[in-house]
Each structure stands twice: as C-alpha cells, then as structure tokens.
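One-based numbering along the sequence shown. These figures come from a predicted structure and were not determined experimentally.
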Amino acid sequence: MVQLKTRRISAGAFFFLTGLCFSSWASRIPDFQQKFGLSEGQLGSVLLGLPLGSLLALPLATWAVIKFGSKSVIMVGLSLYILVLVGIGISMDAFFLTVMVFIFGMLGNMMNISLNTQALNLEKDYGRNILGSLHGLWSLAGFAGAGVGGLMVYLSLSPFQHYTVIFLLGIVVVFSFRKGFVQEVKDNSSSVKGMVWRKPDQSLMKLGMIGFCGMMCEGCMFDWSGVYMNKVVQAPAYLVPTGYISYMGAMALGRFAADKLAHRFGMMNVLQGSGILIFTGLILSIAFAQVGVVIVGFLMVGLGTAAIVPLCFSLAANATSLPTGMAIAMVSTISFFGFLLGPPLIGFIAEWTDLKMSFALMAFVGLMVTFLVWVSKKSFALKIAS
C-alpha cells in the first residue's frame, strides 16, 4: 500500500509538471506569432486548436480512465504531453503549429481528468480537502513556467530549445514519482459507466454562466497577455512574459487563499469581489498601457479569476439534488465553453478593431461575474448560510 504522503507528493509533482508545460507554451506565443507573421485573427485561429482539442478529449479521456484506470492514463498521457510540447517547438509553419496545439489540448485535458480522478481518490483516503492545494501547485507552476520563459527569451533561446529543457525535466519527474500513484479498484456500479446528460436546473445554469465568464477571462490571460505586452505595451522582449508571470503568480496565491477567504467573507461575496477585480485590472491595463501599470493590472485579474471556478464547484455540490459528480460536471461543461470561445474571440475582435477593444470586452465579461452573483445571491442564501 502506497503511503498517503508519497501519493500526495507524486500527485503534486505531476500537477506542477502539467502546469509547467502549459505555461511554457503560453509564455512563447508571441514568438510564434512573430515567427510566422500571424495577424491577431490568424493567431486566434491557431489558438482555437487548444480548446477544441480539450473539448474533443472529454469523452476519450473519460472512457480511457474507466477502461484502463487513471494511473495508466496519467503515465501515458504525461509522457506524450511533454513530447508534443517539443513538437510545438519544431513547428515550421502555422498549419503544423495548429495541429500540434490541437493534440496538446487533447492530452492536456486527458491529464486534467485523470489527475483529478487520482487526486479525488486520494482526498477520500485523507478524509479532508486537499484538491485546492494541488490546483494551487498547477497555478504556481504557471508562475514558474512564465518566469522560465522570460529567462529563455532573455538568453535568446528558441522555443524548441526551451521546450527540450522542459522535456528533459519532465522525464526526470515521471520516472522519479511514477510509483506514487495507485490503480483504482474496478467498480462496475452505474456511477462509473458514464454520466447520462440531463438539462441543468436553474441553480446549476447560473453557476455555469458565472464559471463561463470566469474561464473566458482566464483564456484571455493565458493566450493573449504576452501578445498584449508585446503589441500594445511594446515592452522590451525580455519583459514581455512579465504580464503573464504576474497573472499566474497572483492566481496561484489566490487559489491557495480562496478557501480561507470564502470561510471568512462568504463564497458569494468573494465571487462578487472577483468580478470587480477582473474589471478593474483590465480597465487599468487599457487606460495606462505601460509596463508597470499593466503588470499590476494583470496581477489584479489573476486574483480575480483564481477563486471563481473552485467556488462555483463548491456551490454546485450543495445547489441541487443531483449527485455531486453530475452537478460539477454540468457546471464544468458550461464553464469550459468560456475558455473555448474567449481566446479566438479576442483575436477576431482585435482583427476588426484592436487588441485594446478586445480586452475591454473581457473587462465587462469579468464584471458580469459580479452581476450574475448579485442576481443569484438570494437563491443561494439558504445553501451557503452554514
């Protein structure tokens, strides 16, 4: 029997590595835009490959975890994930880049589902909540990965060289921590045979829309913060990743603090404050497009987006008579479409107008979080009173 501490360390290491891989890709997006001479609209089309791949991986990942177990999917999935990252680095044209990004998105979501399955089983064995801290490690890795990306740019290393370093590190992590995972006991109950979709009730739909707005803003920052620093702020090359670094660092801190803040101030109040932070941070970044101000603005956006999805999931668990897993899956599915639509929408709007206008739209999407929570507050009052 693998000890709980060993399992938690291994899960944390793999959460961190997946976050490092994702942020390594995101931190070099401006390099790919410049390399292939992509307009904002063309870049938006390339970026669409990642959420499309993630979306199409949902049924495949669920089937694979049920069929082979989360441990097997994690080992195979993460090995391929770091390999495809190198494939992105050797892309010679925009079409090949799009294909690689699509596969990267598929593998990323397979890792998301399998790692969270393993983590939830570990959480049950612990008898207390640990999932938030593991998600915080993913965000912390985003902060670290963005910093590494900035260093690689400063050293004039290509994305291929950058991603090769991450690949080698990934091999070490996989082989060092692979024994800390356990295979699930085969369960033939109906709960593991797949979820029968049904229409979300009013409460879940509201939570899904709040998550939708939050994840749309997340997608904006993941894919476009570097481009904004490059094209609008016109920051020096070595400072371009700092916007993404400030965002991811603040998001990591926000996720580690979200549970305590929600306990002290209430989940609905924290959600309302989150929307205000997103709106204020983006408007500040638009009004004063200077390196220092934009870094502070993106930091505020990171704090704002940090708690939205985790708190929506927590509320979903008590907002309906449906099984918890089904409720969270419904909210997650609705929310994910925000991540799917946000990045390409920004590119298309920027193509028609400019990037500032796209970020202004995202600012009001962030403010919609506050509005939706405000109109829903009474309906959730009884459920969050405790």
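- Residues Met106 and Ser54 are not in side-chain contact: their nearest non-hydrogen atoms beyond the backbone lie 4.5 Å or more apart.
- The distance from atom OG of Ser225 to atom CE of Met248, rounded to the nearest 0.5 Å, is 9.5 Å.
- Cluster membership check: Leu207 shares its hydrophobic cluster with Met205, using side-chain heavy-atom separations under 4.5 Å among Ile, Leu, Val, Met, Phe, Trp and Tyr.
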**OP:** Kindly indicate, with the supporting measurements, whether the criterion ring pair (Phe, Tyr, Trp, His ring centres under 6.0 Å) is fulfilled by Phe337 and Phe212.
**Re:** CA-CA 6 Å; Phe337 278 99; Phe212 175 92; 7.9 Å; no
Sequence neighbours left out, cut at 3.5 Å: what donor-acceptor pairs do the side chains of residues 10-17 make with other protein atoms?
unit_1	atom_1	unit_2	atom_2	d
Ser10	OG	Thr6	O	3.1
Ser10	OG	Phe177	O	3.1

Show me the side-chain donor-acceptor pairs of residues 277-293 shorter than 3.5 Å, one per line, residues at least two apart or across chains.
unit_1	atom_1	unit_2	atom_2	d
Thr280	OG1	Ile276	O	2.8
Ser285	OG	Gly281	O	2.8

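- Looking only at distances, no side-chain donor or acceptor of Ser176 sits under 3.5 Å from a matching main-chain atom of Val173.
- A donor-acceptor pair under 3.5 Å is absent between the side-chain atoms of Tyr244 and the main chain of Phe222, judged by distance alone.
- Once rounded to the nearest 0.5 Å, the distance linking OG of Ser114 with CE of Met75 reads 9.5 Å.
- To the nearest 0.5 angstrom, Leu85 atom CG is 8.5 Å from Leu20 atom CG.
- Sorted by first and then second residue, the salt bridge (charged side-chain N to carboxylate O under 4.0 Å, His left out) pairs involving residues 54-66 (not counting sequence neighbours) form an empty list.
- Qualifying ring-ring contact (aromatic ring centres under 6.0 Å, His included) partners for Phe32, counting only residues two or more places apart in sequence or in other chains: Trp25.
- Atom-to-atom distance recorded for Leu122:CG and Lys5:NZ is 13.5 Å, nearest 0.5 angstrom.
- Under the 4.5 Å side-chain criterion, counting only non-hydrogen atoms from C-beta, Lys206 is not in contact with Leu372.
- No continuous path of ILVMFWY side-chain contacts below 4.5 Å connects Val232 to Leu299, so the two sit in separate hydrophobic clusters.
- Annotation: salt bridge (charged side-chain N to carboxylate O under 4.0 Å, His left out) contacts involving residues 11-31, sequence neighbours excluded, comprise Arg28-Asp31.
- Sorted by first then second residue, the side chain to side chain donor-acceptor pair (under 3.5 Å) pairs that include residues 136-161, not counting sequence neighbours, are Ser139-Arg255, Ser158-Gln161.
- Hydrophobic clustering, with ILVMFWY side chains joined whenever heavy atoms are under 4.5 angstrom apart, groups Met111 together with Ile88.
- A salt bridge is defined here as a Lys NZ or Arg NE, NH1 or NH2 lying under 4.0 Å from an Asp or Glu carboxylate O, and Lys231 with Asp354 fails to meet this definition.
- Side-chain atoms of Ile166 and His162, non-hydrogen and from C-beta on, do get closer than 4.5 Å to each other.
- Taken from NZ in Lys356 to OH in Tyr228, the straight-line distance is 5.5 Å, to the nearest 0.5 Å.
- Partner of Cys220 under the side-chain contact (heavy atoms from CB on, under 4.5 Å) criterion, out of Val365, Leu345, Ile346: Ile346 alone.
- Val296 is not connected to Phe298 by any chain of hydrophobic side-chain contacts under 4.5 Å among Ile, Leu, Val, Met, Phe, Trp and Tyr, and they are in different clusters.
- Without hydrogens or angle criteria, Thr242 side chain to Leu239 main chain gives a donor-acceptor distance under 3.5 Å.
- Atom CD of Gln42 sits about 10.0 Å away from atom OG1 of Thr98, to the nearest 0.5 Å.
- Taking the side chain as every heavy atom from C-beta outward, Phe256 and Met251 never approach each other to under 4.5 Å.
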